[in-house]
Amino acid sequence: MKTSDFPIFTVKNEPSDSEVTSHKLMIKSGMIRKVSSGQYNWLPLGYRVLEKIKNIIREELNSIGCREILMPIVQPSELWRESGRWDKYGPELLRFKDRHDREFCFGPTFEEVVTDLIRQDLSSYKQLPINVFQISTKFRDEIRPRFGVMRAREFIMKDAYSFHTDSKSLDDTYNKYKNAYNEIFKRLMLDFTMVDADSGNIGGSESHEFHVIADTGEDEILLDESLNGMNTEIAIKKFNETDVKKIIEKTGMKLKKGIEVGHIFKLGKKYSEAMNVRVSDKDSKLKTVHMGCYGIGVSRIVAAAIEQNYDEKGIVWTDSISPFKVVLIDIDSQKNEDIKNYSEKIYSNLISKNIDVIYDDRDLNLGKKLTDWELIGVPNMLIVGNKETEKEKLTYKNRATDEKEEVPLNFLDDKRFKN
RNA sequence: CGGGGUGUAGCGCAGCUUGGUAGCGCGGCUGGUUUGGGACCAGUAGGUCGUAGGUUCGAAUCCUAUCACCCCGACCA
């Protein structure tokens with residue numbers, strides 16, 4: 001990729017309508033632009049990060065036998081009436097009518113639709129368990145959207161659903177998701193923790209939340225020394241104590257702020273009962289299936305990752321979700337053909353090695369290019385100017401450490417550039 | 001929804017108290033000098049001052065209504 005066909009939209013001035021670091025940096029680096037409160041456009045740079053996160057999630061879910069599907073965002077009220085949530089779900093559910101005066105809602109979550117989908121073709125226990133997921137836009141009409149994509153009304157979420165003949169099978173699958181989630185957040189290179197949680201609006205028996213630890217988090221969680229913990233709602237119930245301070249005294253746990261990026265639930269029969277999802281079991285009797293559901297806030301992860309990884313110059317992407325692995329920066333290539341040729345040669349070399357590179361071929365001086373890429377946060381920089389061209393070398397610069405060194409051409413084989 | 005605040009050029013802001021037809025910085029464009037960390041000089045484009053109404057000879061400025069956005073809270077995965 002070259003900047004000549006990959007538009008860079010960095011801005012210098014501090015955006016006036018954002019307070020939180022991740023939001024500011026996403027605007028300044030040109031990842032997102034606001035459409036209206038809680039709704040954002042994703043520019044090529046931001047979208048690339050989203051895609052990297054999605055792919056990690058895909059790979060890990062595929063590895064536990066979960067298959068990708070896609071469901072419509074606009075959902076008919078009938079299904080929601082069937083589950084009973086048309087009336088129970090609050091004003092976060094955006095409702096509207098079509099031209100025939102039929103009622104619909106914009107999907108905040110997909111239990112109804114997926115349950116309906118699966119039940120149509122489900123008849124035997126032999127078909128179970130079934131695991132499906134989708135990565136799609138969700139809409140929740142938040143009371144107050146805030147902090148950019150951290151708490152948006154329209155956002156991207158991965159939601160997975162599982163169907164089982166019995167609770168034992170649900171337990172097994174639930175644990176698989178737990179492990180998969182741990183793998184996902186490890187690969188995203190985030191400082192995260194899993195805590196016991198309340199199943200809230202979604203319903204069900206058991207639930208865990210995955211939090212990225214960050215001071216700007218909106219949730220409070222209690223953690224012990226080995227980072228096991230629970231959210232404060234659960235703690236209040238568990239210790240029958242309304243004052244969180246007293247719980248801390250009693251248990252020695254620490255209060256931390258977290259950004260909820262994942263939530264898994266054992267739904268049990270809540271939806272399958274309401275929506276009559278049954279299979280013939282071995283004894284040829286009809287049994288109501290057990291269900292689980294498993295969410296990850298994909299767009300929220302982008303903000304959370306930035307909250308954990310930035311400095312005074314801008315974003316410092318972790319390796320796995322950086323929009324690019326390396327940026328190639330030339331100096332004066334517009335004026336010096338030798339430099340241009342040498343830079344192009346390095347670029348083709350990187351491309352042939354299948355390295356995720358962006359070549360900044362803009363006619364700008366070094367300072368401006370570096371400032372942009374430090375703001376954008378690509379972890380590795382390769383600089384090519386007159387000096388490098390003459391010596392047939394490269395200058396490598398590390399975004400996080402700021403270290404700069406002259407390196408030979410075979411440095412391109414370094415493992416830090418590999419996917 | 002309650003409280004607080006902001007809407008003026010692409011972005012960030014000043015001007016409003018004390019009405020007289022809009023200005024600064026950054027960015028853009030053109031030309032030139034530069035060029036290993038945001039360079040300089042000269043020129044140039046760009047705004048019905050959120051919207052609607054009112055007061056006035058005259059409104060960015062005063063009055064009324066309305067919309068949008070931000071922050072705190074309640075609430076929420």
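Being a predicted model, the structure only gives us computed values, none of them experimental.
For A:Arg300, counting side-chain heavy atoms from C-beta on, the closest listed nucleotide (B:rA39, B:rA77, B:rC71) is B:rA77. Taking every side-chain heavy atom of A:Phe147 into account, B:rC71 is the closest of B:rC71, B:rG37, B:rC70. Closest contact between the side chain of A:Lys335 and the listed nucleotides B:rG38, B:rG36, B:rU35 involves B:rU35. Of the candidate nucleotides B:rA39, B:rA77, B:rG37, B:rA39 has the atom lying nearest to any side-chain atom of A:Lys368.
Taking side-chain N and O atoms only, A:Ser16 has a distance below 4.0 Å to OP1 or OP2 of B:rG12. Remark: A:Asn365 is in phosphate contact with B:rA39, judged by side-chain N or O atoms under 4.0 Å from OP1 or OP2.
Remark: B:rG38 base-pairs with no nucleotide; criterion is Watson-Crick or G-U wobble with both hydrogen-bond distances under 3.5 Å. Pairing for B:rU44 goes to B:rG28, judged as Watson-Crick or G-U wobble with the two contacts each under 3.5 Å. In a base pair of the Watson-Crick type (N1 to N3 plus N6-O4 or O6-N4) or a G-U wobble (N1-O2 and O6-N3), with each distance short of 3.5 Å, B:rU61 is matched with no nucleotide. The partner of B:rC69, taking Watson-Crick or G-U wobble pairs whose two distances both stay under 3.5 Å, is B:rG5. Checking B:rG23 for Watson-Crick or G-U wobble geometry (two distances, each under 3.5 Å) identifies B:rC13 as its partner.
Nucleotide B:rA74 holds its C1' atom 13 Å from the CD atom of A:Glu142, rounded to whole Å. Rounded to whole angstrom, the span from the CZ atom of A:Phe110 across to the P atom of B:rA77 amounts to 17 Å. Distance, A:Ile383 CD1 to B:rG36 C1': 8 Å, rounded to whole Å. The NZ atom of A:Lys34 sits 16 Å away from the C1' atom of B:rG10 (whole-angstrom rounding). In this structure, A:Ile143 places its CD1 atom 11 Å from P of B:rC1, rounding to the nearest Å. Spacing between atom CD of A:Gln39 and atom P of B:rC70 amounts to 11 Å, rounded to whole angstrom units. In this entry the distance linking CZ of A:Arg144 with C1' of B:rG73 reads 8 Å, nearest Å. Between the C1' atom of B:rA77 and the CZ atom of A:Arg146 lies a distance of 14 Å, rounded to the nearest Å.
No N or O donor and acceptor, one from the side chain of A:Lys369 and one from the base of B:rG36, sit under 3.5 Å apart. The base of B:rG37 is paired with the side chain of A:Glu374 by a donor and an acceptor separated by under 3.5 Å. The base of B:rA77 lies outside donor-acceptor range of the side chain of A:Glu218, with no N or O pair under 3.5 Å. Taking 3.5 Å as the limit, the base of B:rC70 and the side chain of A:Asp17 contain no donor-acceptor pair of atoms between them.
Nucleotides B:rC1 and B:rA9 place their P atoms 29 Å apart, quoted to the nearest Å. Annotation: B:rU6 and B:rU64 have their P atoms spaced 16 Å apart (nearest Å). Separation of the C1' atoms belonging to B:rG46 and B:rG36 is 35 Å when rounded to the nearest angstrom. Between B:rG12 and B:rG27, the distance separating the two C1' atoms is 11 Å to the nearest Å. B:rG31 and B:rG47: their P atoms are spaced 23 Å apart (whole Å). Comparing the P positions of B:rC69 and B:rG32 gives a spacing of 46 Å, expressed to the nearest Å. Rounded to a whole angstrom, the distance from the C1' atom of B:rC49 to that of B:rA60 is 5 Å. Taking the C1' atom of each, B:rC67 and B:rG28 are spaced 31 Å apart, rounded to whole Å.
Comparing A:Arg153 and A:Lys404 along RNA chain B, the residue whose closest nucleotide (by nearest heavy atom) sits nearer the 5' end is A:Lys404. Residues A:Lys313 and A:His23 each lie close to RNA chain B; by heavy-atom proximity, the contact nearer the 5' end of the strand is made by A:Lys313.
When heavy atoms are screened at a 4.0 angstrom cut-off, A:Lys12 is found touching base atoms of the nucleic acid. Note on A:Glu406: nothing from the nucleic acid sits closer than 4.0 angstrom, heavy atoms only. Heavy atoms of A:Gly295 sit nowhere under 4.0 angstrom from any nucleic acid atom. Heavy atoms of A:Glu19 sit under 4.0 angstrom from primed sugar atoms or phosphate atoms, though from no base atom. Contacts of A:Ser36 with the nucleic acid, taken as non-hydrogen atoms under 4.0 Å apart, involve only primed sugar atoms and P, OP1 or OP2. Looking at heavy-atom distances under 4.0 Å, A:Leu364 makes no contact with the nucleic acid at all. Contact annotation for A:Lys138: no contact, since no heavy-atom pair falls under 4.0 Å across all strands.
With respect to the salt-bridge test (charged N to carboxylate O, under 4.0 angstrom), the residues A:Lys176 and A:Asp172 do not qualify. One finds no salt bridge joining A:Lys340 and A:Glu337 here, because no Lys/Arg side-chain nitrogen approaches an Asp/Glu carboxylate oxygen to under 4.0 Å. Looking at A:Asp311 and A:Arg399, a side-chain N of the basic residue comes within less than 4.0 Å of a carboxylate O on the acidic one, giving a salt bridge. In summary, A:Glu111 and A:Lys270 do not engage in a salt bridge, as defined by a charged side-chain N under 4.0 Å from a carboxylate O. Under a 4.0 Å N-O distance rule, the pair A:Asp356/A:Lys52 qualifies as a salt bridge.
Taking both residues in full, the closest heavy atoms of A:Phe106 and A:Leu93 are given as O-CD1, 4.1 Å, listed atom of the first, atom of the second, then distance.
Tested against A:Tyr174 for a side-chain hydrogen bond (donor to acceptor under 3.5 Å, both in side chains), the candidates A:His208, A:Glu206, A:Lys266 yield a single pass: A:His208.
Side chains of A:Asp414 and A:Tyr396: a donor-acceptor N/O pair is absent below 3.5 angstrom, by distance only.
Aromatic rings from A:Phe6 and A:Phe324 are positioned such that their centres are separated by under 6.0 Å.
Ring-base stacking between A:Phe265 and B:rA77 is not satisfied when judged by a centre separation under 5.5 Å and a plane angle under 30°.
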